[in-house]
Novice: 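After the structure tokens below, expect a handful of questions from me.
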Amino acid sequence: MDLAPAPEHPATRRRARIVVVGAGPAGLTVANILRAASVDCVVLETESRQFIEQRPRAGFIEEWAVRALEQRGLADRLLAHAQTHGACEFRLAGERHRFPYGELSGHRHFVYPQPLLVTDLVRAYADRAGGDIRFGVRDVKLHGIDTDRPSVSYTDPETGERIRVDCDAVAGCDGARGVTRTYAEAGQAGVARHDYGIGWLALLAEAPPSSDCVVFGLHPRGFAAHMARSPEITRYYLQCPPGDDSGNWPHERVWSELHARLSAAGAPPLTEGRLIEKRVLDMHNYVVEPMSHGRLYLAGDAAHLAAPIAAKGMNLALHDALLLGDALVALCTQGDDSALNGYSAACLPRVWQYQEFSQWLSELLHGTSSGDPFRAGIAAARLRRILRSPAAAAAFAELYIGKGAGD
């Protein structure tokens with residue numbers, strides 16, 4: 001099944017065992033696993049290398065994911081430069097409540113912005129291992145996915161030549177708006193969706209962090225969050241109406257709301273700085289199920305979207321990629337397709353566990369500002385339980401850090 005007519009002019013034919021569509025954390029992790037096993041593959045990316053290495057995205061990586069990357073020789077710079085967090089703080093009604101999830105779970109978050117991880121993975125695949133990656137490609141199309149002779153075609157950005165790569169399988173890692181998700185949805189894959197009905201104003205400030213941990217502000221005027229990105233950069237979030245215009249949030253209003261919503265007795269004052277990113281995110285989740293269609297295997301945001309409420313998106317992408325990379329290696333080196341056949345079923349328990357936790361945490365974070373006394377009371381009860389009950393605290397800590405989720 002093709003989503004579009006075949007090219008008008010015959011394409012130049014090439015061959016690779018695996019085509020990876022998308023050079024984000026998922027696609028590059030898959031590509032590095034394949035390259036390490038001497039499996040011939042090509043990565044196709046519609047953006048430039050400079051763009052993907054600078055695009056602001058997530059910054060918290062769960063420890064299990066870091067250790068998995070370390071085992072594959074992909075975490076040297078991460079381990080050398082990342083900060084670690086083992087606590088978060090809830091602020092409600094002017095009071096601070098610190099939650100030491102690292103002590104309870106035995107695991108930490110690593111603070112390492114996604115652009116740095118992408119840079120590391122590109123260097124490992126393309127610069128050190130000589131892997132084939134094509135940046136800036138246009139008009140990517142999938143062909144023969146339901147057959148044993150799939151292929152992917154694209155237009156070379158420099159020559160305008162149409163190129164078609166014959167392969168054994170396609171790894172769809174091109175995100176929420178990519179062609180591979182569109183293709184899967186047009187096939188037999190179903191999509192489960194959830195809309196939170198709220199927006200977040202995502203901000204990056206040229207300012208050092210004002211706390212040594214993530215801070216969640218539960219305020220009647222709206223949720224707010226503080227998250228370190230580096231010693232010089234801090235990520236902030238402000239709840240806003242869905243579909244809001246970031247132009248409605250000038251510098252003075254942003255900082256006024258952050259000060260108000262994150263205020264608490266004894267808390268250090270926020271360090272203000274120039275806002276270098278300001279965009280509105282409408283909070284919603286989806287899951288494509290199954291995560292495969294014919295010879296197409298989805299990973300990361302192409303397969304599922306987790307709103308940044310619990311910082312799960314990049315971690316889920318890495319989990320998918322590790323399983324998919326190994327399954328593709330088994331196919332190409334041993335002729336064993338059993339792991340590929342079970343790929344979707346292996347991924348989905350963690351996907352759904354993270355989705356459930358994100359929804360649970362969202363109600364805790366946004367209930368106070370819902371305008372509904374019942375929801376506000378439920379949110380306060382949830383916070384009291386995890387702060388006062390050792391059993392509830394331990395369960396929350398394990399879900400927050402992703403320890404054993406869905407396994």
Side-chain angles (χ1 to χ4, degrees), residues 1-35 37-53 55 118 121-187 292-302 321 324-325 328-329 331-332 340:
M1 178 182 91
D2 288 352
L3 290 179
E8 294 182 6
H9 302 289
T12 300
R13 304 297 286 256
R14 297 180 179 173
R15 170 74 186 170
R17 296 296 302 274
I18 306 298
V19 175
V20 179
V21 183
L28 290 168
T29 299
V30 169
N32 273 288
I33 292 172
L34 294 171
R35 189 68 179 167
S38 300
V39 174
D40 179 35
C41 68
V42 58
V43 179
L44 303 179
E45 170 57 51
T46 59
E47 301 291 352
S48 68
R49 178 169 180 170
Q50 180 182 20
F51 180 87
I52 68 168
E53 292 185 354
R55 175 173 44 192
V118 166
L121 294 173
V122 171
R123 289 176 179 174
Y125 175 73
D127 299 340
R128 293 201 296 272
D132 189 353
I133 183 167
R134 314 294 174 90
F135 292 105
V137 302
R138 302 193 306 272
D139 197 24
V140 176
K141 292 184 173 65
L142 310 183
H143 312 274
I145 294 300
D146 295 310
T147 74
D148 60 358
R149 300 180 64 185
S151 64
V152 181
S153 64
Y154 65 94
T155 299
D156 185 284
E158 296 181 358
T159 66
E161 180 185 14
R162 192 71 187 163
I163 298 172
R164 187 160 176 155
V165 184
D166 299 320
C167 58
D168 295 331
V170 179
C173 309
D174 51 343
R177 299 177 179 86
V179 66
T180 62
R181 177 192 167 200
T182 303
Y183 192 101
E185 288 189 23
S292 60
H293 177 73
R295 294 296 184 94
L296 170 65
Y297 304 88
L298 303 180
D301 286 359
L324 181 55
L328 291 169
V329 168
L331 173 71
C332 293
L340 270 183

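All values reported here derive from a predicted model rather than from experimental measurement.
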Novice: Please enumerate all residues that pass side-chain contact (heavy atoms from CB on, under 4.5 Å) together with Asp148, with sequence neighbours excluded.
Specialist: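 Here the qualifying residues are Arg295.
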Novice: Side chain to side chain donor-acceptor pair (under 3.5 Å) with Thr159: which residues, sequence neighbours excluded?
Specialist: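 Thr159 satisfies side chain to side chain donor-acceptor pair (under 3.5 Å) with Asp156 only.
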Novice: Closest approach of Leu298 and Ala184, non-hydrogen atoms and distance?
Specialist: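 Closest approach of Leu298 to Ala184: CD1-CB, 3.7 Å.
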Novice: Who passes side-chain contact (heavy atoms from CB on, under 4.5 Å) against Arg15, sequence neighbours left out?
Specialist: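 Scan of Arg15 (side-chain contact (heavy atoms from CB on, under 4.5 Å), adjacent residues dropped) gives Arg17, Asp166, Asp168.
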Novice: Hey, does Val122 have a side-chain heavy atom less than 4.5 Å from the side chain of Arg49?
Specialist: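 The answer is yes, as the side chains (C-beta and beyond) meet within the 4.5 Å cut-off.
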Novice: Determine whether Val43 and Asp132 make a side-chain contact, defined as any pair of heavy atoms from C-beta on separated by less than 4.5 Å.
Specialist: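 Side-chain contact under 4.5 Å: no.
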Novice: Sequence neighbours excluded and cut-off under 3.5 Å, please list the side-chain donor-acceptor pairs for residues 170-179, or say none.
Specialist:
{"from": "Asp174", "atom 1": "OD1", "to": "Thr180", "atom 2": "OG1", "distance (Å)": "2.3"}
{"from": "Asp174", "atom 1": "OD2", "to": "Val179", "atom 2": "N", "distance (Å)": "2.9"}
{"from": "Asp174", "atom 1": "OD2", "to": "Thr180", "atom 2": "N", "distance (Å)": "3.2"}

Novice: If you measure from CG on Asp139 to OG1 on Thr46, what distance do you get to the nearest 0.5 Å?
Specialist: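 One gets 11.5 Å once the value is rounded to the nearest 0.5 Å.
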Novice: Nearest 0.5 Å, please: how far is CD1 in Ile33 from CG in Leu324?
Specialist: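 Rounded to the nearest 0.5 Å, the CG-CD1 separation comes out at 8.0 Å.
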Novice: Considering only heavy atoms from C-beta outward, does the side chain of Pro25 approach that of Val118 to under 4.5 Å?
Specialist: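 Side-chain contact under 4.5 Å: yes.
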Novice: Taking all non-hydrogen atoms of both residues into account, name the closest pair between Gly325 and Leu34 and its distance.
Specialist: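 Closest approach of Gly325 to Leu34, heavy atoms only: O-CD2, 4.2 Å.
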Novice: Report the C-alpha distance between Arg14 and Arg164 in whole Å, list the side-chain angles of each, state the deciding distance to 0.1 Å, and finish with yes or no for side-chain contact (heavy atoms from CB on, under 4.5 Å).
Specialist: CA-CA 6 Å; Arg14 297 180 179 173; Arg164 187 160 176 155; over 6 Å; no
Novice: For a quick check under 3.5 Å, do Tyr154 and Arg134 share a side-chain donor-acceptor pair by atom type?
Specialist: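 Result is yes, a qualifying pair exists.
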Novice: Using the side-chain contact (heavy atoms from CB on, under 4.5 Å) criterion, which residues pair with Gln50? Sequence neighbours excluded.
Specialist: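 Gln50 satisfies side-chain contact (heavy atoms from CB on, under 4.5 Å) with Ser48, Gln54 only.
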Novice: Which residue pairs pass the salt bridge (Lys or Arg N to Asp or Glu O under 4.0 Å) test with at least one member in residues 37-48, sequence neighbours excluded?
Specialist: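 Sorted pair list comes back empty.
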Novice: Evaluate Val20 against Val42 for side-chain contact (heavy atoms from CB on, under 4.5 Å), listing each step before the verdict.
Specialist: CA-CA 6 Å; Val20 179; Val42 58; over 6 Å; no
Novice: Can you find a pair of side-chain heavy atoms, one from Ile18 and one from Cys167, that are under 4.5 Å apart?
Specialist: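 Not touching, per the 4.5 Å side-chain cut-off.
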Novice: So do the side chains of Phe135 and Ile52 get within less than 4.5 Å of each other, counting heavy atoms only?
Specialist: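 Phe135 reaches Ile52 side chain to side chain.
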Novice: Which pair of non-hydrogen atoms, one from Ala321 and one from Ala26, has the smallest distance, and what is that distance?
Specialist: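 Taking Ala321 first and Ala26 second, the nearest heavy atoms are CB-O, 3.4 Å.
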Novice: For Leu331, what residues pass the side-chain contact (heavy atoms from CB on, under 4.5 Å) criterion, not counting sequence neighbours?
Specialist: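 Per chain and number, Leu331 pairs via side-chain contact (heavy atoms from CB on, under 4.5 Å) with Asp337, Leu340.
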Novice: Listed by chain and number, what are the side chain to side chain donor-acceptor pair (under 3.5 Å) partners of Tyr125, not counting sequence neighbours?
Specialist: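 Tyr125: no side chain to side chain donor-acceptor pair (under 3.5 Å) contacts found.
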Novice: The criterion is side chain to side chain donor-acceptor pair (under 3.5 Å); which residues satisfy it with Thr155, sequence neighbours excluded?
Specialist: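 Result, side chain to side chain donor-acceptor pair (under 3.5 Å) vs Thr155: Arg162.
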Novice: Residues two or more places apart in sequence or in another chain: which of them pass salt bridge (charged side-chain N to carboxylate O under 4.0 Å, His left out) with Arg35?
Specialist: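 So Arg35 forms no salt bridge (charged side-chain N to carboxylate O under 4.0 Å, His left out) with any residue.
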Novice: Report the residues that fulfil salt bridge (charged side-chain N to carboxylate O under 4.0 Å, His left out) with Arg149, sequence neighbours left out, ordered by chain and then residue number.
Specialist: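 For Arg149, no residue satisfies salt bridge (charged side-chain N to carboxylate O under 4.0 Å, His left out) once neighbours in sequence are set aside.
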